[in-house]
Each structure stands twice: as structure tokens, then as C-alpha cells.
Amino acid sequence: MAEQKQSQKKKSSNKPAKVEKPAKQVRVKRLFRKKTPQKKREQAALQTQKREKALQEQEASYSNERYVSPEEALGPVIYNERYLKKAAVYRYLRYGIVILLVVFLVGMLNLFKEEITIENFRYLMRNVDFELRTELGEAGNISYDSNPLNTFAIYKGSLAQLSDRQIAIYDASGRSSYTGNLHYDSPALASSDKYLLAFDRTGGDYSLYTGFSQVHTATTGYPIADVDLSDEGVYVIASRSKEYFGVVEVYSSSFQLMNKIQKNKYIASVDLAEDGKNLLISSYFVGDTGICTELMILSIDSDKPSLLLTVEGTVPLEAAWISADRFVLVCDQGVKFYDLSGKLCDEYDTSKKNTIEYNVSLSNSRIALLYKEATDTSVYRLCVLNADGKTVLEHTFRQPVEEITFGEDRMILLSGNTAYSLTEDGTVSRFEHDVAIRAAVAEGDALYLCTATRVIEPEWSTEKN
């Protein structure tokens, strides 16, 4: 057995051993057959240098005689001294205008900062086509809802319409710049250059408006007897209180209380002077001789009157300024003319006449009276007085007329479907419409004739005397 194992080992030892092949050598260049980024950059730089060198050699081969300088091409520069001087003047003028504009803007901001409001800006933009809440009938006509309590006024040339439910402001083209809801049992309007005042005579509520918004609202809590406004924005409210029969409150344009006058007398009317600095108050009470009228003049910011006058035996209707130094008292006895000292300057007696309507115009310095004679009640007579109490116009109507309205150079009276226009030279014109004319409002050259639902444009025809 041992021999067999040895013979097997010998056989196995005689078998040649397996020889491993050596590793194949690979050249370095074959590992980097593809270009590396560094190599690419180097080759790109070399190509760029070659191109630049070729361009330089090509430029050097060209002759310099082929090129000219800008001076040789355009010629010598020529300066126009006159033009340069004018240009300098205009340059300085431009700077001066810019400086003046800045000074003007700063000055306006300081001097008129109270007038720079969003309401005034909106008023300037009133004709821009914003979304307007109005109903238009015919082109340019103003239309509104029919309401027996409709009342009208002119505010900055626009028509203001107030009912017991709504207030609206329309311009002449028929656009509504503002509409709002109100609940007034007895609506009334008053206006000035700055504000429009709407108030409820019985409820005591009132609101002030600009052309585009409601700016203030308040209430007296008691019926309002009368109101008035100045063009600067000062306004007066006459009412009463729990303790006094008559209370007159004066407010500034920023709605601050400036003065408060309290009386144990009933207020008949209040009227601000044209400059808005003095206030005229008429009130009445029961004296020893019957009903008496008290006239008071005082500064809007003072509680000390410059005039306190009692007129016995008269029932006041209204006391109003007729000029800067004269005022009138319209009462049951007629029209009395006073100066600032309280002296009775003139008087127009209507004690034997049945006065139907009257109107006092400070801008025209006129008083218009519409009355009937006691002996002939079928005839309506119009009498117009000037500030001195002199008659400047008289006219007779055979049909009922009402509502005297002063325009710039005429008066408007209404009679059903007819409107009359009268001037002081005696010219009478009339306008007939197919429906009743309910109201006429005028200011300057603006005139609105209002029916139950819309404003109409009159076509006047002159009557023969």
C-alpha cells in the first residue's frame, strides 16, 4: 500500500506546473484617448491667439492711406456763440421754473391746506366716467322718483333733490355724483358754496354734504325752526331745548360748536351776513301789548349783541340781510327796513293785503311780495322792492301764482303747467308744459324747472304788454 501511494506521488510530481501569464502593459496615452477639460482650454486659448495674430498681421498689411480721422472726415468744429448763449439762458430758465414750481406747491400746501381735501379732488373729477348711480331718461335729462315731499336746491351749479327717503345730487348733464338714504318726515334743504345742508324740520336730524359724500350728521333732538350757511362753511341751527324755547347753535366749517345762544323766546329765523361774520336772529314772545318781535345782531363767536331791538305788536315771518349795512323784517304788518343801529329807515305796509308768498334775496338786494287785495281776491299782485324800500316792479296775474324764485336777472313764478319769467324792465315771458311744474330753483345763470319726476328745459315766449 505504501508503495502504491509513493508511486502515485511520483506520477503527480512529474506533471508540469501551471504558469501564470504576466500582466499586459497598457500605454499611458491609451488611457487618455479623450481630451481632458484642461487640455481643451489650452487648445482653445492657442486657437484664439492664432486668430488674433492673424488679424494683426492682416491689419498691418493694409495701407494707412486708406483711413482718415474724424476731424478730416467731418471738418473742423464750428461753434455758434449766439446759439450757445440762448441755450444757456433757456437752461437757467428751466431751473428757475422748477424752483418756482416747488415754491408754489409748498406755499399752496401751507396757505390752503384746509381746502386740499379728498372731497374737492373728487369734485374736480366729477365728469370722469365713474360708476354713477342714476337713471337717465332723455339724453342729459335729470330723472328722479315722484314724491310729494320732494324739495330742491342748487349746490355748486348742480341740482340737489331731497325726499323723505333719499337725497341725490345731479350735475347739469344728468349724472348723479352722490345718492344716500335718509328718513326725514319734513325734509328741507339749504346750500352754500362749501356745504349742502339737509334737515328734518320736525325730527331735528340734519346732515351736511359735499358733492360726493356725507361729511357730518347730527341731531338737535327737537324740531328745527331755521338754518343758514355761509360760503366759508360756518352754519347755524335754530331749535329749542328742554330748558329754553329757543336755542341757536353756531358751528365752524370743521363742525365744532363756536357759539350757543339760548332764549326764552321762540326763534322765527336766523340769517348770516354775506361775509359770514355777523348773525341776525329774529324771535318772538308774548309781551304786555301782545306778540312782540325781538331782533338781535351779534358776531358769530360772541355772546354780546351789537343790536337788541324789540318791535311790539308784530308777528315775525323772517328777518334777513338785504345789504351789508341794512336788514329787513318781514312781518304780518309788511316789510320794515332797518340799519345796523336799529333805526327804521323805511316801511312797506301790507296790513290791508293778504300776503301769499314772499322772498328776500341778498344777492339781488330785492324783496318780492305776492299778495291779494282785500277788495279783489281774484287778482294776484307782485311787488318787488329794492334795499331802500322803493318799488322797482309791479305786475298783476289773473290766475293763481306761487313760489317766487330769484334768478340772476329775472324772477320765476309758477302757475300749474305754466312758468313766468319777469325782469325789472317789464318784460314778461312764459313757458307752457304738458304736466304741472312743481318747483323752480335758480342761482346765477343756472335754472331748473322740476316736474314730479324730471327736470325740463324751458322755451320762453315773450308776452305782449
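Please read all numbers here as calculations on a predicted model, not as lab measurements. Residue indices begin at 1 and follow the sequence shown.
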*Yes or no on side chain to side chain contact (heavy atoms under 4.5 Å, CB included) for Y448 and I142, after CA distance, side-chain angles and deciding distance?*
CA-CA 10 Å; Y448 296 91; I142 299 173; 4.0 Å; yes

*Under the side chain to side chain donor-acceptor pair (under 3.5 Å) rule, what do K372 and Y380 come out as? Steps first, then yes or no, please.*
CA-CA 5 Å; K372 290 181 180 180; Y380 291 75; 3.2 Å; yes

_Could you walk me through whether V250 and L279 satisfy the side chain to side chain contact (heavy atoms under 4.5 Å, CB included) test, starting with their C-alpha distance in whole Å, then the side-chain angles of each, then the deciding distance to 0.1 Å, before giving a yes or no?_
CA-CA 9 Å; V250 183; L279 175 63; 4.0 Å; yes

_Residues R326, D388; criterion salt bridge (charged side-chain N to carboxylate O under 4.0 Å, His left out); working and verdict_ = CA-CA 9 Å; R326 187 167 291 196; D388 297 324; 3.4 Å; yes

*For Y195 and V215, what are the C-alpha separation, side-chain angles and deciding distance, and is it a side chain to side chain contact (heavy atoms under 4.5 Å, CB included)?*
CA-CA 9 Å; Y195 292 128; V215 294; 3.9 Å; yes

*L159/V441 under side chain to side chain contact (heavy atoms under 4.5 Å, CB included): CA gap, chis, key distance, verdict*: CA-CA 9 Å; L159 178 69; V441 287; 3.7 Å; yes

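K336 places a side-chain heavy atom less than 4.5 Å from the side chain of L344. Inter-residue side-chain proximity for S461 and F431 is flagged as unmet; no heavy-atom pair is nearer than 4.5 Å. Counting heavy atoms from C-beta on, the side chains of I404 and I412 never come closer than 4.5 Å. Put simply, the side chain of V360 reaches to within 4.5 Å of the side chain of I322, judged on heavy atoms. Two residues are said to be in side-chain contact when any heavy atoms from C-beta on lie closer than 4.5 Å; V428 and W460 fail this criterion. Inter-residue side-chain proximity for L413 and E402 is flagged as unmet; no heavy-atom pair is nearer than 4.5 Å. Contact check for Y284 versus F245: no side-chain heavy atoms found under the 4.5 Å cut-off. Between V248 and Q262, the closest side-chain pair of non-hydrogen atoms is not below 4.5 Å.
Of the possible polar contacts, none joining the D271 side chain to the L280 backbone as a donor-acceptor pair under 3.5 Å is found. In this structure, the side chain of D231 engages the main chain of D193 through a donor-acceptor pair within 3.5 Å. Proximity of a side-chain donor or acceptor of S230 to a complementary backbone N or O of V234 within less than 3.5 Å is detected. No donor-acceptor pair under 3.5 Å is formed between the side chain of T202 and the backbone N or O of P223. A donor-acceptor pair under 3.5 Å is formed between the side chain of T293 and the backbone N or O of T314. Between the side chain of T310 and the main chain of E294, no donor-acceptor pair closer than 3.5 Å is present. No donor-acceptor pair under 3.5 Å is formed between the side chain of D200 and the backbone N or O of D205. Judged by distance alone, the side chain of S163 and the main-chain N or O of Q166 form a donor-acceptor pair under 3.5 Å. Without hydrogens or angle criteria, D228 side chain to L272 main chain gives a donor-acceptor distance under 3.5 Å. For T391 (side chain) and L393 (main-chain N/O), no donor-acceptor pair under 3.5 Å exists by modelled atom type.
A donor-acceptor contact under 3.5 angstrom links the side chains of S421 and R410, judged on distance only. A side-chain donor-acceptor contact under 3.5 Å links S282 and S269. A donor and an acceptor atom, one from each side chain of E249 and N259, are nowhere located under 3.5 Å apart.
Across D171 and S158, no two heavy atoms sit closer than the pair CA-OG, 3.7 Å. When all heavy atoms of A225 and I267 are compared, the closest pair comes out as CB-O, 3.6 Å. The two residues A273 and W321 come nearest to each other via the heavy atoms N-NE1, 3.4 Å. Shortest non-hydrogen contact noted between I456 and P458 is O-CD, 3.6 Å. Counting all heavy atoms, side chain and backbone alike, A440 lies closest to L449 at CB-CD2, 3.6 Å. Counting all heavy atoms, side chain and backbone alike, A190 lies closest to V227 at CB-CG2, 3.8 Å.
The residues R430 and E432 are annotated as salt-bridged, a charged nitrogen and a carboxylate oxygen being separated by less than 4.0 angstrom. At a threshold of 4.0 Å, the pair K352-E373 does not count as salt-bridged, since none of the basic side-chain nitrogens sits closer than that to a carboxylate oxygen. Between R366 and E424 there is a salt bridge, since at least one side-chain N of the basic residue sits less than 4.0 Å from a carboxylate O of the acidic one.
Not less than 6.0 angstrom separates the ring centroid of F337 from the ring centroid of F327.
More than 12 heavy-atom neighbours from other residues, nucleotides or ligands sit within 6.0 angstrom of CZ on R94. Atom CZ of F397 has more than 12 heavy atoms from other residues, nucleotides or ligands within 6.0 Å. By the neighbour-count criterion of 12 heavy atoms within 6.0 Å, atom CD of Q399 is densely surrounded, having more than that number from other residues, nucleotides or ligands.
Both cation-pi conditions hold for K265 and F285: the charged atom is under 6.0 angstrom from the six-membered ring centre and inside a 45 degree cone around its axis.
Every residue two or more places apart in sequence or in another chain was checked for a ring pair (Phe, Tyr, Trp, His ring centres under 6.0 Å) with Y358, and none qualifies.
Summarising the geometry, atom CD1 belonging to I169 is positioned 9.5 Å from atom NZ belonging to K156; distances are rounded to the nearest 0.5 Å. Here the CD1-CG distance, from I297 to L307, works out to 4.5 Å after rounding to the nearest 0.5 Å. Between the CG atom in D434 and the OG1 atom in T451 there is a gap of 9.0 Å [rounded to 0.5 Å]. Atom CG of L162 is separated from atom CG of L189 by 4.5 Å, given to the nearest 0.5 angstrom. Atom CG of residue N359 and atom CD1 of residue I367 lie 10.0 Å apart, to the nearest 0.5 angstrom. Distance check: D303 CG to L298 CG gives 8.0 Å after rounding to the nearest 0.5 Å.
Taking the six-membered ring where tryptophan is involved, the planes of Y178 and Y209 are tilted, since the angle between them lies from 30° to 60°. Ring geometry for H216 versus Y206: interplanar angle of 30 to 60°, hence tilted.
Among N181, T179, L196, the one residue that satisfies the side-chain contact (heavy atoms from CB on, under 4.5 Å) test with I167 is L196. The residue from T396, L370, L369 that alone fulfils the side-chain contact (heavy atoms from CB on, under 4.5 Å) condition with R381 is T396.
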